[in-house]
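Below is one structure, written out as structure tokens, with a few remarks after it.
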Amino acid sequence: MKKANTPLLLILFLCLGYCSCQKVITADIEDEKESEKGIEVRFNVVQMEQIPFNSGQASRSTEVKSICSMINLAIYQAGTKIKQVNQTKSDSDFGSLKVVLPKGDFKIVILAHSGQNNPTMTDARKITFDGKLTDTFYYSQDVTVSENASYDLTLKRAVAAFRFMALDTIPTTVSLMRFYYTGGSSTFDAVNGVGCVDSRQTESINITTDMQNKPGTFEVYTFPRSDSNVLQMQVTAYGPNINIIKQIEFADVPITRNQITVYSGSFFGGKVPGDTTETTETTHLFSLYTNDEWAILNKSY
């Protein structure tokens with residue numbers, strides 16, 4: 001009888017040991033899954049520094065959807081981008097960005113703009129944009145993640161704008177307006193909030209038939225650099241065969257972040273409504289003013 005019981009006891013012992021081991025392994029897997037979940041952090045874009053340049057009043061409660069069509073969030077750890085979240089205006093949660101992170105210290109950068117493509121955000125100090133630069137806002141901050149959290153953020157405007165107003169009518173022979181300018185940057189350092197590359201920027205705007213025989217207003221943007229506060233601006237009107245119809249250059253156009261600089265006057269040599277002075281092909285009267293000071297400086301060309 002003793003011999004018959006020995007194998008049975010051995011089998012029972014092995015089964016108990018196996019079950020015990022299985023329980024430990026299952027617990028380990030559950031712990032691993034729990035750690036993979038991480039910590040949920042939400043960033044809510046609730047305010048912008050100022051409403052669009054083309055509006056008449058300033059406000060700090062403008063909804064992001066009324067200004068921008070794209071939002072990009074990049075997460076960096078020890079200088080390396082580890083995550084990026086992109087949103088478009090059509091997203092139901094536009095302006096509220098959720099990420100899951102492990103515990104630790106991170107730098108976050110958020111951009112809001114109306115570009116056609118997502119910017120390249122590999123380096124927070126050298127963010128590049130593919131295509132036309134638009135009115136752009138940003139937020140940059142170091143955060144420590146230790147528990148689930150939600151942040152309500154106010155974004156700052158990152159750009160300066162140059163607005164060109166041809167107060168005389170655009171001739172039917174004009175098919176393209178081209179703005180070529182230096183002194184600013186198309187690459188952005190989100191850590192320091194400045195442009196970081198000495199760029200040669202060009203923007204071309206097609207003139208449609210409904211824009212002809214009317215005054216025209218055009219706007220271009222740049223990231224001001226810490227070592228430059230002026231633009232060298234060349235404005236050119238082209239005909240259908242890319243022949244130059246009119247060209248003018250503005251030297252030392254003052255620019256400041258979150259400020260618009262406006263040049264307005266007779267560009268094509270035509271009459272400006274309400275102006276009784278004679279204008280020739282070689283003389284153009286332009287006024288320079290900014291949207292916060294409204295100081296006027298008359299220049300003749």
Side-chain angles (χ1 to χ4, degrees), residues 34-50 60-65 67-88 91 93-115 117-130 133-160 184-199 221-229 256-259:
E34 187 65 30
S35 65
E36 287 176 355
K37 291 180 182 178
I39 299 170
E40 182 178 301
V41 183
R42 189 177 292 274
F43 300 100
N44 305 305
V45 179
V46 296
Q47 292 183 340
M48 313 298 278
E49 184 178 51
Q50 198 170 11
R60 289 184 178 273
S61 59
T62 305
E63 184 183 11
V64 62
K65 189 177 289 189
I67 302 178
C68 302
S69 61
M70 298 188 75
I71 295 178
N72 308 103
L73 163 67
I75 309 288
Y76 304 87
Q77 189 170 44
T80 300
K81 188 182 76 171
I82 62 171
K83 192 183 291 287
Q84 182 167 335
V85 178
N86 305 310
Q87 287 186 337
T88 63
D91 294 333
D93 58 347
F94 186 71
S96 181
L97 304 104
K98 184 184 74 174
V99 292
V100 177
L101 299 169
K103 291 183 178 181
D105 297 323
F106 304 89
K107 177 177 288 295
I108 67 163
V109 171
I110 296 177
L111 299 174
H113 57 98
S114 297
N117 303 295
N118 295 316
T120 300
M121 303 178 71
T122 306
D123 184 349
R125 296 177 182 271
K126 200 172 185 179
I127 297 173
T128 58
F129 290 76
D130 180 14
L133 186 61
T134 66
D135 198 0
T136 304
F137 297 79
Y138 79 104
Y139 181 89
S140 177
Q141 188 64 49
D142 294 327
V143 298
T144 298
V145 173
S146 59
E147 59 184 3
N148 292 354
S150 180
Y151 298 86
D152 291 339
L153 309 178
T154 297
L155 273 60
K156 290 182 177 182
R157 176 171 271 128
V159 295
S185 179
S186 59
T187 303
F188 185 55
D189 176 354
V191 176
N192 297 298
V194 295
C196 57
V197 173
D198 186 0
S199 301
Y221 299 88
T222 193
F223 296 115
R225 308 195 319 260
S226 59
D227 61 343
S228 174
N229 58 4
T256 303
R257 186 194 69 80
N258 197 37
Q259 179 174 289

statement: Rounding to 0.5 Å, atoms CZ (F137) and CG (L153) come to a distance of 14.5 Å

field: Taking every non-hydrogen atom, the tightest pair across A158 and P224
entry: O-CD, 3.8 Å

- prompt: Would one find more than 12 heavy atoms of other residues, nucleotides or ligands at under 6.0 Å from atom NZ of K156?
  reply: no

task: Using the test side chain to side chain donor-acceptor pair (under 3.5 Å), find all partners of N192 that sit at least two apart in sequence or belong to another chain.
output: D189

- prompt: Do NZ/NE/NH1/NH2 and the carboxylate oxygens of R225 and D227 come within less than 4.0 Å?
  reply: yes

field: Pairs touching residues 67-78 that satisfy salt bridge (charged side-chain N to carboxylate O under 4.0 Å, His left out), sequence neighbours left out
entry: none

query: Minimum heavy-atom separation for I127 to P119, with atom names?
result: CG2-CB, 3.9 Å

task: Return the set of residues passing salt bridge (Lys or Arg N to Asp or Glu O under 4.0 Å) with D130 (not counting sequence neighbours), or none when no residue passes.
output: none

- prompt: Step by step, would you call V41 with N148 a side-chain contact (heavy atoms from CB on, under 4.5 Å)?
  reply: CA-CA 6 Å; V41 183; N148 292 354; over 6 Å; no

- prompt: For K98, does its backbone N or O pair with a side-chain atom of E40 as donor and acceptor, under 3.5 Å?
  reply: no

Would you tabulate the side-chain donor-acceptor contacts of residues 70-80 under 3.5 Å, counting partners in other chains and residues two or more places apart, or write 'none'?
unit_1	atom_1	unit_2	atom_2	d
N72	OD1	H113	NE2	2.7
N72	ND2	N86	OD1	2.8
N72	ND2	N118	OD1	2.9
Y76	OH	M121	O	2.5

- prompt: Is it the case that more than 12 heavy atoms not belonging to K107 sit under 6.0 Å from its NZ atom?
  reply: yes

field: By side chain to side chain donor-acceptor pair (under 3.5 Å) - contacts of S186 (at least two apart)
entry: S199

message: On a heavy-atom basis, which atom in V64 and which in A112 lie closest, and how many Å separate them?
response: CG2-CB, 4.2 Å

task: Decide if the gap between the ring center of F129 and the ring center of F223 is smaller than 6.0 angstrom.
output: yes

query: Tell me, do F43 and I108 make a side-chain contact under 4.5 Å, heavy atoms counted?
result: yes

Those residues that, when tested against S96, pass side chain to side chain donor-acceptor pair (under 3.5 Å) (two or more places apart): R42, N44

task: Dump the intermediate steps for side-chain contact (heavy atoms from CB on, under 4.5 Å) on T154 and M48, then the final yes or no.
output: CA-CA 5 Å; T154 297; M48 313 298 278; over 6 Å; no

- prompt: With sequence neighbours excluded, what pairs up with D93 under the salt bridge (Lys or Arg N to Asp or Glu O under 4.0 Å) test?
  reply: none

statement: Between Y138 and R157, the two heavy atoms sitting closest are CE2-O, 4.1 Å

message: In the structure I gave you, are the side-chain heavy atoms of T136 and Y221 within less than 4.5 Å of one another anywhere?
response: no

task: Would you give the length of the straight line joining atom CD of Q47 to atom OH of Y139, rounded to the nearest 0.5 angstrom?
output: 12.5 Å

query: When you measure from the side chain of T222 to the backbone N and O of S185, does any donor-acceptor pair fall under 3.5 Å?
result: yes

- request: Scan for salt bridge (charged side-chain N to carboxylate O under 4.0 Å, His left out) pairs involving residues 143-153, sequence neighbours excluded, and state none if there are none.
  value: none

task: Could you pull out all residues at least two apart from R257 that satisfy salt bridge (Lys or Arg N to Asp or Glu O under 4.0 Å)?
output: E49

field: Partner of L155 under side chain to side chain contact (heavy atoms under 4.5 Å, CB included), chosen from V45, I67, L111
entry: V45

statement: From the list T122, V197, T120, D123, side chain to side chain contact (heavy atoms under 4.5 Å, CB included) with T128 holds only for T120

- prompt: At what distance, to the nearest 0.5 angstrom, does OH of Y151 lie from CD1 of I110?
  reply: 11.5 Å

task: Report the C-alpha separation of L97 and V85 in whole Å, then their side-chain angles, then the decisive distance to 0.1 Å, and conclude whether the side-chain contact (heavy atoms from CB on, under 4.5 Å) test is met.
output: CA-CA 7 Å; L97 304 104; V85 178; 4.1 Å; yes

message: For S114, give me all partners under side chain to side chain contact (heavy atoms under 4.5 Å, CB included), at least two apart in sequence or on another chain.
response: C68, S69, T134

Atom of S140, atom of V109 and distance for their closest heavy-atom approach: OG-CG2, 3.9 Å

Side chain to side chain donor-acceptor pair (under 3.5 Å) partners of K103, counting only residues at least two apart: none

For D105, all residues meeting salt bridge (Lys or Arg N to Asp or Glu O under 4.0 Å), sequence neighbours excluded: none

